[in-house]
Participant: 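Below is the structure I would like to discuss, written out as structure tokens.
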Amino acid sequence: MPLTGRHLVGLRDLSGSEITAILDDAARLRAQVRAHGPLTELGGKVVALLFLEPSTRTRSSFTTAAFKLGAQVLPFDAKTSSTAKGESLLDTARTVVAAGADALVVRHKQVGSPHYLAGRVDVPVINAGDGINEHPTQGLLDALTLRDALGGLEGRTIAIVGDIRHSRVARSNCHALPKLGAKVLLAGPGTLCPPEMKALGVEVRPRIDDVLGEADAVMLLRIQRERIGGAMLPSIAEYRRYYGLDSARLAKRPELVVLHPAPMNRGVEVAHEVADSHQSHVFKQMENGVFVRMAVYRRALEAR
Ligand code: CP
């Protein structure tokens with residue numbers, strides 16, 4: 001099956017070898033760009049970033065990734081677009097395709113919105129986060145960062161701690177990491193880390209101290225205040241006590257690799273000194289995001 005000309009709506013439907021091919025391409029692009037500067041192979045292509053939810057990292061790295069391949073980015077601002085007048089997502093997507101977009105990158109609060117568009121527009125659709133469902137390029141950049149830090153994922157144990165229920169990042173990682181040979185352990189409050197997550201083929205444990213001893217890496221998740229109802233969370237102090245990574249916990253695991261998709265709630269799920277420690281790979285994740293998204297653009301656009 002060709003790797004190019006395709007949508008990327010989630011990691012659930014990709015095989016381990018397809019994921020590995022994207023990671024290998026991202027690593028090649030990283031070496032090439034660092035040695036020789038930006039590329040021009042997508043010159044003449046236009047990508048539209050339809051972000052209907054807030055973003056700093058994902059939007060800026062999809063933008064930089066396009067520039068580093070010679071593609072143009074069609075300006076789109078949800079607040080000043082006709083979506084603010086009630087235009088549907090599909091009509092907005094069709095409009096930017098009619099205006100010349102060769103690919104759509106979509107972030108939307110509605111689960112399944114990129115999948116819906118992918119069957120209805122004649123250009124590749126890339127999911128930049130659909131509600132609580134998936135965030136596939138985040139899952140890919142996490143996998144690349146872990147692969148770099150650990151020298152590979154086969155036989156490694158990765159813990160994901162926090163608000164799993166509302167985390168599209170956790171879902172994409174749970175779909176990807178086991179296909180790359182890693183074991184995934186989840187931990188979080190029962191209301192935010194429900195036992196049904198086991199259906200993803202991962203283990204669920206009660207607290208951060210139940211996973212840290214065994215993990216090669218830990219991914220801390222943000223408490224998503226915007227998606228959580230009031231009764232789902234104990235107090236912030238209690239959350240920090242049972243699920244937060246502080247310097248005392250980190251000191252027991254000097255080799256532990258620490259990830260966070262960000263934005264971080266410093267002082268809640270991650271202490272300031274942990275976020276800024278040499279064990280934190282948070283800003284490497286962001287750097288890798290650019291190269292993963294370059295590889296995803298190539299996969300989507302190169303053969304078209
Ligand atoms: N990790 C992530 O998706 O961050 P943004 O919401 O800033 O894009």
Side-chain angles (χ1 to χ4, degrees), residues 8-12 22-23 26 47-68 73 75-79 103-114 125-146 148-149 158 160-177 188 192 217-228 245 257-266 268-270 274-276 280-297:
L8 179 66
V9 293
L11 300 184
R12 191 180 65 174
I22 297 171
L23 301 183
V47 298
L49 309 188
L50 301 184
F51 276 61
L52 292 114
E53 270 197 330
S55 169
T56 297
R57 278 144 288 276
T58 311
R59 188 186 350 225
S60 58
S61 67
F62 267 114
T63 302
T64 311
F67 293 159
K68 285 185 189 291
V73 177
F76 176 84
D77 172 15
K79 285 200 190 76
L104 303 180
V105 180
V106 180
R107 171 170 285 195
H108 198 281
K109 67 178 179 194
Q110 184 65 49
V111 167
S113 42
V125 174
I126 298 167
N127 183 359
D130 63 320
I132 63 167
N133 180 44
E134 277 222 48
H135 191 349
T137 56
Q138 178 75 44
L140 291 168
L141 74 88
D142 292 336
L144 181 60
T145 308
L146 287 166
D148 291 343
I158 314 301
I160 307 178
V161 178
D163 178 7
I164 311 286
R165 182 190 285 273
H166 299 99
S167 177
R168 53 195 176 206
V169 175
R171 273 181 193 75
S172 285
N173 272 281
C174 288
H175 290 309
L177 294 173
L192 300 179
V218 63
M219 182 182 302
L220 305 161
L221 299 176
R222 181 172 69 91
I223 291 300
Q224 300 195 43
R225 296 170 208 252
E226 73 277 24
R227 297 193 209 273
I228 293 177
L245 187 59
V257 171
V258 178
L259 270 67
H260 193 310
M264 295 180 273
N265 289 313
R266 286 171 179 258
V268 183
E269 69 270 2
V270 60
V274 172
D276 297 328
S280 165
H281 290 245
V282 174
F283 291 94
K284 287 184 192 141
Q285 287 173 268
M286 293 176 200
E287 276 180 53
N288 283 332
V290 174
F291 302 109
V292 156
R293 289 166 180 134
M294 288 174 77
V296 168
Y297 278 141

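When a ligand or atom number is given, it counts from 1 through the structure's own listing order. Not measured: the values here are computed from a predicted model. Residue numbers count from 1 along this sequence. What's counted below: heavy atoms across the whole structure, side chains too, no hydrogens, waters or symmetry copies.
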Participant: Which atoms form the tightest heavy-atom contact between Ala295 and Ala26, and what is the distance?
Facilitator: CB-N, 3.8 Å
Participant: Run the side chain to side chain donor-acceptor pair (under 3.5 Å) test against Arg171 and tell me which residues pass, sequence neighbours left out.
Facilitator: none
Participant: For Gln110, what residues pass the side chain to side chain donor-acceptor pair (under 3.5 Å) criterion, not counting sequence neighbours?
Facilitator: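 Counting only residues at least two positions away or on another chain, Gln110 forms no side chain to side chain donor-acceptor pair (under 3.5 Å).
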Participant: Within the distance-only criterion (no hydrogens, no angle test), does the side chain of Arg12 pair as donor or acceptor with the backbone N or O of His175 below 3.5 angstrom?
Facilitator: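 Absent.
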Participant: Is the contact between Glu53 and ligand 1 made by the side chain, the backbone, both, or neither, using heavy atoms and a 4.0 Å cut-off?
Facilitator: neither
Participant: Can you find an N/O atom of Arg59 closer than 3.5 Å to an N/O atom of ligand 1?
Facilitator: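 No; the residue has no nitrogen or oxygen that sits under 3.5 Å from a nitrogen or oxygen of the ligand.
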Participant: Within the 4.0 Å heavy-atom shell around Pro261, which atoms of ligand 1 are there?
Facilitator: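 Once the distances to Pro261 are compared, the set is 1 (N).
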Participant: What atoms of ligand 1 come within less than 4.0 Å of a heavy atom belonging to Thr58?
Facilitator: 2 (C), 3 (O), 4 (O), 5 (P), 8 (O)
Participant: Flag Ala262 as yes when one of its N or O atoms lies below 3.5 Å from any N or O atom of ligand 1, and as no otherwise.
Facilitator: yes
Participant: To which protein heavy atom is atom 7 (O) of ligand 1 closest, and what is the distance rounded to 0.1 Å?
Facilitator: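 Ranking protein heavy atoms by distance from atom 7 (O) of ligand 1, first comes Thr56 N, 2.8 Å.
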Participant: Is there side-chain contact between Pro263 and Arg222, with at least one heavy-atom pair below 4.5 Å?
Facilitator: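 In short, these two side chains touch, coming nearer than 4.5 Å.
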Participant: Taking all non-hydrogen atoms of both residues, which atom of Val290 and which atom of Ala65 are closest, and how far apart?
Facilitator: O-CB, 3.5 Å
Participant: When you measure from atom 4 (O) of ligand 1 to every protein heavy atom, which one gives the shortest distance, and what is it?
Facilitator: Arg57 NE, 3.0 Å
Participant: Give me the nearest non-hydrogen protein atom to atom 6 (O) of ligand 1 as residue plus atom name, then the distance to 0.1 Å.
Facilitator: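 Nearest neighbour among protein heavy atoms for atom 6 (O) of ligand 1, to 0.1 Å: Arg107 NH1, 2.9 Å.
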